[in-house]
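Just so it is clear, the values below take in all heavy atoms, side chains as well, and ignore hydrogens, waters and symmetry mates. First the proteins, then the strands, lettered A, B, ... as listed; each starts at 1.
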Amino acid sequence: MDALLRCEGLERSFGRVQAVAGVSLAVAEGETYGLLGPNGAGKTTSISMIAGLLEPDAGQVVILGDRMTPRATAAKRHVGLVPQDLAIYPDLTARENLAFFARLYGLERARRDRRIDEVLEVIGLSERAGDRASTYSGGMKRRLNIGIGLLHAPRLLILDEPTVGVDPQSRNAILESVENLASVGMAVLYTTHYMEEAERLCDRIGIIDQGTLIAEGTRRELVATIAEQDLVRLKVVGDAAGAADACQALPGVGSADAEDDTVVCLLDEAASHLPALLEAVAATGASVAGVEVKEPDLEDVFLHLTGHALRD
Amino acid sequence: MTRALPNVLTITRVELLRFLRDRGNLFFVLILPLALIVFIGLQFGGAGGYEVGVVAPDDDPAAAELIDRLDASDSLTVVALADEEGLTSQVSRGVLSAGLVLPEDYAAALAAAEPIRIGYLGRPDPGSRSLRTVVEAAVADQSAASEAAHLATTAVGRPAAELIPVAEQVRADLPQVTVVTDTVGRDEVMAEFAALGQFDLGASGQLFLFVFLTSLAGSGALIRTRQYGVAARMLSTPTRLPVLLAGLAGGRFAIAAFQAVYIVAVTAVAFGVDWGDPLTTTLLILIYSILSAAAGMVLGSLFRNDSQATGAGIGIGLVFAALGGSMMALEFFPEGMRRVAMLTPHGWANTAMAEIVRRDGTITDVAIELGVLAAMAVGLLVLATWLLRRAITR
Ligand SMILES: Nc1ncnc2c1ncn2[C@@H]1O[C@H](COP(=O)(O)OP(=O)(O)OP(=O)(O)O)[C@@H](O)[C@H]1O
Ligand SMILES: [Mg+2]
């Protein structure tokens, strides 16, 4: 994996509070990496060190070969930061806000104008670009907040809980635009305490708690660490016991039992075995009236690893 | 550091833009200074009816009578004052059109036909000269009555034919009541103020008042820049902390300089205010704007709540202006207050401006004032930078 971002042994304390107690992670080109953890886990503190806003007590951050420190200017050009709290001028318009930050990134006139128009399009604010940000809805402000981070087309976009306090519709729009950005090859470092967001967006996920990265991997890898299997419940019209026997005979199926009109299977990976299961049931002459798959999720992983829930 | 200067200017520009954007500022920055300059100018120019100040001995019937005579005139209003110093101050500032100082025992002297000198304090303008004629006429009227009374006492029991030579004798013996039309030893100050245009005095005082006031009252914007999170976000771009600090300081300076240039330009064009030697005045205003900007930054870094900073800024701005001679010319301050005035930047700036405008001073004439202001500016700037750095990285 050729790492775009690599941080090693990051530590940071505030007085007696150790906010980050050893975070090492790497993000590859074009990868979407999720930092999942509860409130106060140290996500924002980690992000701040990665973006060069905060000096680490220990450890280092390297982005595309450049050391990131608060004084680094080269490394900062590779990064677009979208802070957790809104960081926009409410008394300026969206266009003025974008133009201001575009200037700070040193975008030349022609490129600046073009990028501003493109970003306005991406964040869906073209229509309202000339209105002051103070007149925007909460969701529009959040979108502008994100847009500023996109201006200079960074290699790495860092989003710190961009959907907190956002209505479901805006949240979906934000998630979609993150997916779009990732699909055109932008690497994304995304922090959240919403498991569903991490699962939906991220290629790899790091689980952080009390300042420490306690597990890392793809969703599947993480779930595999707690060795739980998927649970598939098939509602069957016809001979449920016969159907169960047919399922049991399939490779990769741990167990298959009939409960009334339902076949309950435990297997390694539901997604890849489901078609075979359905075929096997159909072959017995019974038909499937309903399917329910219950995978162990990251909540379960988090609970397993820390002994407490992701959200309280 | 290749992007240092452009980024400083970008931050400066946006801070100035936000300031001009804020409609609440427009009245205080654009309209109020001019309104005050016009208001002071109108008082100073003494248009309309005349107010004459009189310093008279207490319980003196003759003095009371003279006051009544003057008051009877349609165009005159008499204002009683306690002492000559106050009278001089008010006449020279144009608060009063003229002043009259009656001697102690005015009535007794008049009755005894002793020589009397009445002090007349005028302003060297045509209005004041005609006013003196009115006052002299009233005084002459009153002394004529005294003449008649004397004649009467001398004439008792004599035939009318003998009275003509006696009357002439009495007239010759009686000393005239003279109205001394000087400015009771304050010619210098008077002449200086006389040479000023109608709006000149108000304009320079208000310039220093408003540049400082606007800078301090605007310090809340600096707090908002931090609260909005944009200050921190700028540091995630290729903008280093010193560049951010310089940009924010530049923004504060641009606002102070904008206020100064606006007042100078508009008063020069609209009211013909004389701002003296351009180079010296520019240098003075430049230093004063830096100083004001730095004072605003100190305030904007110390407070965390923008309305508190704005409130404190207005309070400090007005008190300093009053103490520093921006509301009343320093020449009319008592000695002790004049020393207090020199603790404020306004005191030094107003002193320098008086030299530049009233005595055609140039850089060498106001070198001390410029030096003191520059030292204050540097001191405040160092303090402001340290405080703002602490506030941003906290
Ligand atoms: N500037 C600071 N001063 C003092 N303590 C801080 C500061 N910033 C963070 N902390 C502390 O460090 C710990 C980690 O905070 P951090 O903001 O990194 O958590 P987070 O994972 O981003 O939480 P959230 O999901 O609520 O945003 C918390 O205990 C917090 O109180
Ligand atoms: Mg956070």
Which portion of B/Arg13 sits near chain A, non-hydrogen atoms under 4.5 angstrom = side chain
request  = Measure distances from A/Phe100 to the heavy atoms of chain B and classify the residue's part below 4.5 Å as side chain, backbone, both or neither.
outcome  = both
query = Would you find more than 12 non-hydrogen atoms of other residues, nucleotides or ligands less than 6.0 Å from A/Glu121 atom CD?
reply = no
CZ-CG distance between A/Arg103 and B/Leu9, expressed to the nearest 0.5 angstrom = 10.5 Å
key: Residue, of A/Val79, A/Ile158, A/Asn145, that accumulates the most heavy atom pairs under 4.5 Å with chain B   = A/Asn145
Region of B/Val14 that comes under 4.5 Å of a non-hydrogen atom in chain A = side chain
query = What closest approach, in Å, do B/Gly229 and A/Ala87 show between heavy atoms, and which atom pair accounts for it?
reply = O-CB, 3.5 Å
message = Given heavy-atom pairs under 4.5 angstrom as the criterion, report whether the side chain, backbone, both or neither of B/Leu17 touches chain A.
response = side chain
Gap between atom CZ of A/Arg71 and atom CG of B/Leu241 - 0.5 Å precision = 9.5 Å
inquiry  = Let's test your reading of the structure: which of A/Ala51, A/Gly52, A/Pro83, A/Ser48 forms the most heavy-atom pairs below 4.5 Å with chain B?
reply    = A/Pro83
ask   = Side-chain contact, heavy-atom cut-off 4.5 Å: B/Arg233 with A/Val82?
value = yes
Region of A/Asp85 that comes under 4.5 Å of a non-hydrogen atom in chain B = neither
key: Atom pair CD1/OG of A/Ile47 and B/Ser236 - distance to nearest 0.5 Å   = 11.5 Å
request  = Heavy-atom pairs under 4.5 Å with chain B are the metric here; pick the option from A/Leu54, A/Leu92, A/Asp91 that has the most.
outcome  = A/Asp91
query = Got more than 12 heavy atoms from elsewhere within 6.0 Å of CZ, A/Arg114?
reply = yes
key: B/Arg389, CZ atom: more than 12 neighbouring heavy atoms under 6.0 Å   = no
task = Could you check which of A/Arg132, A/Met68, A/His152 has the highest count of heavy-atom pairs closer than 4.5 Å to chain B?
result = A/Arg132
query = What are the two closest non-hydrogen atoms of B/Arg240 and A/Thr73, and how far apart are they?
reply = NE-CG2, 3.8 Å
inquiry  = Check B/Arg21 with A/Glu96, please: is the shortest side-chain N to carboxylate O separation under 4.0 Å?
reply    = yes
task = For chain B, find which of A/Leu104, A/Leu81, A/Ile88, A/Leu86 contributes the most heavy-atom pairs closer than 4.5 angstrom.
result = A/Leu104
ask   = If you count the non-hydrogen atoms of other residues, nucleotides and ligands that lie under 6.0 Å from CZ in B/Phe271, is the total more than 12?
value = yes
query = Can you find a heavy atom in the side chain of B/Thr237 that is under 4.5 Å from one in the side chain of A/Phe101?
reply = yes
inquiry  = Heavy-atom cut-off 4.5 Å, strictly under: side chain, backbone, both or neither for A/Leu53 against chain B?
reply    = side chain
